[in-house]
Amino acid sequence: MRIGQGYDVHRLISGRDLILGGVRVPYDRGLDGHSDADVLTHAVMDALLGAAKLGDIGKLFPDTDDRYKGISSLELLRRVGERLREQGWAVVNIDATLVAQAPKIAPYKAQMARNMAECLGIPEEQVNVKATTEEHLGFTGDGSGMSAQAVALIERLA
């Protein structure tokens with residue numbers, strides 16, 4: 001078994017949809033990035049890749065490659081899952097935390113977990129999504145950006 005940790009951060013900007021865990025969350029701004037900038041899914045991918053010693057999302061899906069411009073992060077997660085299986089790994093569980101002052105994501109957490117589990121071909125019970133604020137401190141607290149952290153446990157396929 002191996003454990004991996006992932007972290008990602010993106011700035012909030014006007015004129016973009018806010019996508020978190022593959023869910024379009026109603027909000028006045030979205031996250032800036034080369035892909036759909038889904039900070040939560042990015043952290044999960046990096047946790048999985050780190051656990052399997054397969055690098056990170058910047059290595060696999062560089063922001064200098066136009067093939068990934070505007071791509072759904074769920075599609076990238078699906079590819080990470082395929083890469084893990086090719087290397088002989090299975091996902092045991094994922095625990096992910098979104099750090100944002102707003103918006104509230106409680107109504108969307110279950111769908112986020114379902115989306116990521118489906119992409120990885122694992123039961124929804126193996127993916128946990130939660131959120132917290134930073135009590136108006138720092139860039140997440142002042143609303144200029146969001147961050148996410150994730151840990152993932154993987155095991156060798158029999």
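Remark: the D8 side chain and the H42 side chain contain an N/O donor-acceptor pair separated by less than 3.5 Å. A donor atom on one side chain and an acceptor atom on the other are not found under 3.5 Å apart for S147 and H10.
Summarising the geometry of V39 relative to L31, their closest heavy-atom pair is CG1-CD1, 3.7 Å, with the distance given to 0.1 Å. Considering all non-hydrogen atoms of both residues, E124 and R114 come closest at OE1-CG, 2.8 Å. Across L40 and T97, no two heavy atoms sit closer than the pair CD1-C, 4.2 Å.
Rounded to the nearest 0.5 angstrom, D38 CG and L20 CG are separated by 6.0 Å. Here D56 contributes atom CG and M45 contributes atom CE; the two are 10.5 Å apart, rounded to the nearest 0.5 Å. The line from CG of L98 to NZ of K130 is 11.0 Å long, rounded to the nearest 0.5 Å.
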Practice prompt. Apply the test side chain to side chain contact (heavy atoms under 4.5 Å, CB included) to residues V127 and V44: give CA-CA distance (whole Å), side-chain angles for both, the deciding distance (0.1 Å), then the verdict.
Written response: CA-CA 10 Å; V127 180; V44 167; over 6 Å; no

Item to complete: May I have the step-by-step check of side chain to side chain contact (heavy atoms under 4.5 Å, CB included) for L48 and L77, ending in yes or no?
Response: CA-CA 9 Å; L48 291 166; L77 179 60; 3.9 Å; yes

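Using a cut-off of 4.0 Å between Lys/Arg side-chain N and Asp/Glu carboxylate O, D36 and R16 are scored as not salt-bridged. Of the charged side-chain nitrogens involved, at least one lies within less than 4.0 Å of a carboxylate oxygen, so that D17 and R24 count as a salt-bridged pair. Between E75 and R79 there is a salt bridge, since a side-chain N of the basic residue sits under 4.0 Å from a carboxylate O of the acidic one.
Residues F139 and M146 form no side-chain contact, since every pair of their non-hydrogen atoms from C-beta on lies 4.5 Å or further apart.
L153 belongs to a hydrophobic cluster whose remaining members, ordered by chain and number, are M1, I3, V92; membership requires side-chain heavy atoms of ILVMFWY residues under 4.5 Å apart, directly or through intermediates.
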